[in-house]
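Okay, so here's the structure we're looking at.
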Number of protein chains: 2
Amino acid sequence: MEPERKYRRVKPALRREHLVTSTLRCLAEQGAAGASIRRIAAAAGVSTGLINHHYAHLEDLVAEAYDHLATRVLRDILAGVAEAGGDPRQRLTAFFTVSFSAAVLDPDYLSAWLVFWSMIRHSEAMKTVHTRTNEEYRRSLGDLLADLIRDRQPARTPDLRLAAAGLSALLDGLWLAWCLNPQGLTAQEGVAICEDWVEAHLR
Amino acid sequence: MEPERKYRRVKPALRREHLVTSTLRCLAEQGAAGASIRRIAAAAGVSTGLINHHYAHLEDLVAEAYDHLATRVLRDILAGVAEAGGDPRQRLTAFFTVSFSAAVLDPDYLSAWLVFWSMIRHSEAMKTVHTRTNEEYRRSLGDLLADLIRDRQPARTPDLRLAAAGLSALLDGLWLAWCLNPQGLTAQEGVAICEDWVEAHLR
DNA sequence: GGCCTTCTTGATCAATCGTTCAGCAAGGGG
DNA sequence: CCCCTTGCTGAACGATTGATCAAGAAGGCC
């Protein structure tokens with residue numbers, strides 16, 4: 001008979017990653033109610049005390065989960081863009097397509113984003129993650145737009161910063177609307193609206 | 001000496017309105033933490049029991065607050081539109097201007113919207129309010145777009161439903177981005193981006 | 001093989017939550 | 001003016017919250 005171990009020790013870095021993914025699962029499945037030390041501990045299969053051992057405050061864990069999700073989404077999108085080849089227009093289409101794919105456009109994950117956003121106001125850590133990831137996202141979008149502008153040489157070149165802000169807001173708004181009421185819009189229509197934006201603005 | 005009354009009775013309809021405005025104040029000031037019977041009761045200057053006397057569940061009160069805020073915002077916007085006169089283009093500009101005015105674009109109120117949205121998933125009452133108010137909003141925007149299209153007779157008339165969905169998403173996205181990070185964008189730039197959308201799509 | 005670091009547990013704390021309910025009292029109708 | 005409806009109070013209940021901490025045990029190192 002092998003001696004039953006009560007638990008297995010895990011290296012901090014690995015354990016923290018484990019806790020972060022458990023947090024995301026909790027937030028996606030249960031929304032704001034899932035942002036609780038006890039529920040996350042249960043989902044991770046560990047004791048409540050372990051969470052405060054690795055994170056001084058629950059807020060720190062959630063901030064890391066925010067960073068994790070935002071980074072993964074942008075990475076997925078950029079991977080799709082890279083697959084699309086070198087044509088600026090097709091790269092932008094890939095950006096839209098992945099943005100409206102199931103891996104990103106998931107009503108369950110909206111619950112998580114809502115929790116993140118609601119914490120930004122009072123948590124400096126959350127604010128920091130939001131500002132940084134948002135800048136990365138908008139810069140990626142701005143780069144793609146800049147490439148397309150250079151390629152097309154449209155009659156009137158728009159302000160790049162405002163254009164990126166507008167397209168980014170359009171994407172966020174469509175994503176939000178779809179998650180809150182999937183009946184009102186299809187993913188294909190979401191992509192189509194973004195494509196229209198490009199054709200209308202960079203002609 | 002006038003006999004001190006312990007409290008004053010108020011007609012149900014008036015009391016409910018009182019509770020709704022107190023709820024909105026709580027949600028705006030304290031976010032998700034303000035969505036509590038005790039805090040709302042304290043803000044309204046009544047006992048906790050009174051809330052459950054008028055509303056079977058806290059959820060019902062919050063749903064009424066959601067309805068109240070969404071209706072007020074749309075009413076403010078349409079009032080601005082009415083003031084703008086009869087020119088379809090100027091009416092649309094008024095829609096944008098009011099949307100980015102302080103009465104609507106308030107980071108404090110974002111906290112309230114986030115609470116509402118996070119409750120939609122599990123509350124049928126919240127889902128009903130969201131669907132209805134959202135349809136009203138999008139229909140108002142669609143009407144203004146239809147007027148402008150009839151007035152301008154643009155070369156290629158866009159799908160009205162998709163156009164309204166797109167512009168509505170753009171407004172929501174800009175509003176969300178500004179509330180979450182007011183440094184990243186000014187209200188005037190928000191209006192400018194919306195104006196650009198109109199000029200680019202309905203030329 | 002035994003020691004020692006430190007990862008992990010789980011009981012415990014005070015605070016807060018939504019809801020219930022017995023009873024008080026305000027103030028209009030008869 | 002009194003009664004009776006009902007708006008209203010506030011204590012109480014059980015559940016849940018984030019955080020603390022003493023104790024335990026896993027597993028690498030000498």
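Throughout, protein chains are lettered first and strands after them, A, B, ... in sequence-line order, and every chain is numbered starting at 1. Please read these numbers as outputs of a predicted model, since none were measured by experiment.
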What integer distance in Å separates [X]:[atom1] from [N]:[atom2]?
X: A:Ile51; N: C:dT8; atom1: CD1; atom2: P; value: 12 Å
X: B:Lys6; N: C:dG27; atom1: NZ; atom2: C1'; value: 16 Å
X: B:His53; N: C:dC24; atom1: NE2; atom2: C1'; value: 14 Å
X: B:Leu50; N: C:dG18; atom1: CG; atom2: C1'; value: 15 Å
X: B:Lys11; N: C:dG27; atom1: NZ; atom2: P; value: 12 Å

Any side-chain heavy atom of [X] within less than 4.5 Å of one from [Y]?
X: B:Arg16; Y: B:Tyr55; result: yes
X: B:Pro158; Y: A:Asp196; result: no
X: B:Leu202; Y: B:Leu145; result: yes

Stepwise side chain to side chain contact (heavy atoms under 4.5 Å, CB included) check, A:Phe96 with A:Leu167: CA-CA 10 Å; A:Phe96 300 149; A:Leu167 184 50; 4.0 Å; yes
Polar atoms only, N or O, under 3.5 Å: list the protein pairs with nucleotides 21-23 of chain C and their distances.
none

Pick the nucleotide of DNA chain D nearest each of B:Thr48 and B:Arg9; which residue has the one closer to the 5' end?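 Closer to the 5' end of DNA chain D: B:Arg9.
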Of the nucleotides C:dT8, C:dC24, C:dC17, which has the atom closest to the B:Arg39 side chain?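 For the B:Arg39 side chain, the nearest candidate turns out to be C:dC17.
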Looking at B:His68, is its backbone amide N or carbonyl O close enough to the side chain of B:Thr71 to form a donor-acceptor pair, meaning the two atoms are under 3.5 Å apart?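 No; judged by distance alone, with no hydrogens or angles, the pair does not exist.
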Does B:Ala43 offer a backbone N or O that forms a donor-acceptor pair with the side chain of B:Arg25 under 3.5 Å? yes
Taking the six-membered ring where the residue is Trp, are the ring centres of B:Phe116 and B:Tyr109 under 6.0 Å apart?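 No.
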Yes or no on side chain to side chain contact (heavy atoms under 4.5 Å, CB included) for B:Val20 and B:Glu17, after CA distance, side-chain angles and deciding distance? CA-CA 5 Å; B:Val20 164; B:Glu17 192 185 321; 5.6 Å; no
Which atom pair, heavy atoms only, marks the closest approach of A:Ile40 to A:Gly34? CG1-O, 3.6 Å
Just say parallel, tilted or perpendicular for the rings of B:Tyr66 and B:Trp113, cut-offs at 30° and 60°.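 Ring orientation of B:Tyr66 relative to B:Trp113: perpendicular.
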Parallel, tilted or perpendicular, as decided by the 30° and 60° cut-offs, for the rings of A:His201 and B:His201: perpendicular
Can you sort out which residues in residues 120-129 of chain A have a heavy atom within less than 4.0 Å of DNA chain C? Ascending by number, please. none
Near DNA chain C, under 4.0 Å by heavy atom, which residues of residues 14-38 of chain A? A:Arg15, A:Arg38
Per nearest nucleotide of DNA chain C, the residue lying toward the 5' end, B:Tyr55 or A:Ser47, is A:Ser47
5' to 3' on DNA chain D, which nucleotides open and close the contacts with chain A (atom under 4.0 Å from a heavy atom)? D:dT17 to D:dG27
Residues that A:Ser118 engages under side chain to side chain donor-acceptor pair (under 3.5 Å), provided they are two or more places apart: none
Going by the salt bridge (charged side-chain N to carboxylate O under 4.0 Å, His left out) test, which pairs reach into residues 85-103 of chain B, not counting sequence neighbours? B:Arg89-B:Glu195, B:Arg89-B:Glu199
